[in-house]
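Here is the structure we will look at.
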Amino acid sequence: MGEVGIVLAMLLAVVASGYLVRILPFAVPLPLVQIALGAIISSTTGHGVRLEPHIFFLLFLPPLLFLDGWRIPKVGLFRDRSTILELSLGLVLFTVIGAGYLIHWLIPSLPLAVSFALAAILAPTDPVAVSAIAARVPIPPRLMHILEGESLLNDASGLVCFRFAVAAALTGTFSLGDATLTFLWVALAGIAIGAGLTVIVSGAQRILAARIGEETGSPILVNLLLPFGAYLAAEHMEASGILAAVAAGITMSYVELSGRALATTRVRRAAVWDTVQFALNGVMFVLLGEQLPDIVRAALAAPELPAAHDVWWLAGNALAISFGLVLLRFVWVWVSLRLTLLNARRQGQAVYKPNPRLILATSLAGVRGAITLAGVLTLPLVLPGGEPFPGRDLVIFLASAVIVVSLILASVGLPRVLRGLELPAEGHHESEEDNARHVAAMAALEAIAKAPPPPATGGAEPGEDAELQASALDQVRSLYQYRLDSGVAGGIGLGVAPARVRAAEAAERHYRLAALEHERAVLLRMARHNQLSDEIARKLLREIDLVEARYR
């Protein structure tokens, strides 16, 4: 039961971390609290979890990357595709070369090929870590979309560079042509497998449900298994399982637009995925904390560490590499942005002067995380001749330390850099929402006018059915008409001032929430006094919760 106890302790640490960040007198990012709790578990139990990188990749990354790909705004992804590609491809290569030489200069005893391997595994940013930081730092929406897109796509380029750097360290040879072909296969095949599998599984599920029906939990379970299937299929074909999971998530977002899923399925599926995301995110950082004590001890005993130095030598090199990565990222973002603006000016487009604080924020937001940790742990133990792989423990420590430092830099630096920063208003989101509400309300009124009368219930007196139906029709119609007339559903063409629209929304939300709260209190009191059965109470409370979620 020792392993089971460790797993339960990690899950409890995830739960406890959510409370700790709220009761601490100062702001601490959630991932750092989880890393600290993981280190405490490892120290108190005497041993941590033995982390198999391939199992780690399979259990944690596919569902989280699938969900990120599913929920990332596609309009922003395609709108800023050139910027995202510059960061996910160009910046990775720039980082591998620049950081590789920096690491070799800092630690000459580390072979150049191994230095490039460490730089390659540090090049990809982590979508999970970026999301964890964004939850507590007010990052501008468009910048957040770019960071999410970059972190979803730069894994393949970073891991391919890492693979060839390790191969160069093992064999002493490197082929640029082979590396290019391998990258194209890894990326394109991974994307095709993820997208194709999602379309096939979704189509098969729809056909089976139409012909023989399905259990209510089946669509959710299939949805949970889909990223694992895409990942395993791509890895079997020696393609990128990471990109396959991302492509499956993006494809799933388009499949969902077909509207074939039931409303109750969507609500339950969202709740399940939120829970899975919270648990896996937390456990990943707790696992990192559990590895840290053993990683530090192994690095201190590594033969590459000069005898005259100690843990401060390790910490100094980790900080130097971390700040070097930020500097390289800043230079790349600044230069690429200047070239983009220059090209736009040549085409006669209106350009704006880039804010240096936004460039610095983009540089600090390059957070490393689980992909870096799991990737560096795949370093081989020995060379083909049987000698130990040079600097393996030192490289693992430096990668782990850079993860922690990047989290601290982003958590501490981003709020200060972004504080008081004036950004162009993104009012088109509000107008887009208002227009959608208006069109939907108009469609609802049209449907009400054309809807046939419901079948007679048989419980009313003759003539009462028509009266009841007319009353219900007027009630539903008046709800939609009120929203149109008051501007809450958009007020397009009605001349309603935006301030009045927002005031009407706020007033409706206030009174509706107050009413729902009292409804819930009455039902709970009736259930406590056995005036209402548990089954009916749960049903009515769920209806109230769904309505309240719309106003919250």
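Heads up: numbering here begins at 1 and tracks the sequence.
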Between side-chain atoms of residues 197-204 and protein atoms elsewhere (two or more places apart, or another chain), which donor-acceptor pairs fall under 3.5 Å?
residue	atom	partner	partner atom	Å
Thr198	OG1	Gly194	O	2.8
Ser202	OG	Thr198	O	2.8

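The two residues Phe60 and Met284 come nearest to each other via the heavy atoms CD2-CG, 3.4 Å. Smallest separation of non-hydrogen atoms from Gly391 and Leu110: CA-CD1, 3.8 Å. Between Leu314 and Leu394, the shortest heavy-atom contact is CD2-CD1, 3.4 Å. Between Ile403 and Gly369 the shortest heavy-atom distance is CD1-O, 3.3 Å. Scanning both residues, Ala399 and Thr372, for their nearest heavy atoms gives CB-CG2, 4.1 Å. The heavy-atom pair separating Leu414 from Ala361 by the smallest distance is CD2-O, 3.4 Å.
Using a cutoff of 4.0 Å between basic side-chain nitrogens and carboxylate oxygens, Glu150 and Arg329 are scored as salt-bridged.
Although no hydrogens or angles enter the test, the distance criterion places a donor-acceptor pair under 3.5 Å between the side chain of Arg368 and the main chain of Gly366. Between the side chain of Gln34 and the main chain of Val14, no donor-acceptor pair closer than 3.5 Å is present. Side chain of Arg268 to backbone of Ile220: no donor-acceptor contact under 3.5 angstrom is found. Between the side chain of Arg22 and the main chain of Gly18, a donor-acceptor pair closer than 3.5 Å is present.
Going from atom CZ of Phe285 over to atom CG of Leu373 covers 10.0 Å, rounded to the nearest 0.5 Å. Annotation: the span from Asp294 atom CG to Ser42 atom OG amounts to 5.5 Å, rounded to 0.5 Å. Rounding to the nearest 0.5 Å gives a distance of 11.0 Å between CG of Leu37 and CG of Leu32.
Remark: Phe323 CZ is loosely packed, at most 12 non-hydrogen atoms of other residues, nucleotides or ligands lying under 6.0 Å away. In this structure, Trp273 places its CH2 atom where more than 12 heavy-atom neighbours from other residues, nucleotides or ligands lie under 6.0 Å away.
Of the listed residues (Tyr101, Phe164, Phe162), just one forms a ring-ring contact (aromatic ring centres under 6.0 Å, His included) with Phe116, and that residue is Tyr101. Each of Thr83, Thr362, Leu358 was evaluated against Val333; a single residue qualifies, Thr362, per the side-chain contact (heavy atoms from CB on, under 4.5 Å) test. If you run side-chain contact (heavy atoms from CB on, under 4.5 Å) between Tyr231 and each of Leu243, Leu58, Leu65, Ile193, only Leu58 comes through.
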Quick one: do Arg269 and Glu256 satisfy salt bridge (Lys or Arg N to Asp or Glu O under 4.0 Å)? Show the steps, please. CA-CA 12 Å; Arg269 186 175 59 192; Glu256 188 181 32; 2.9 Å; yes
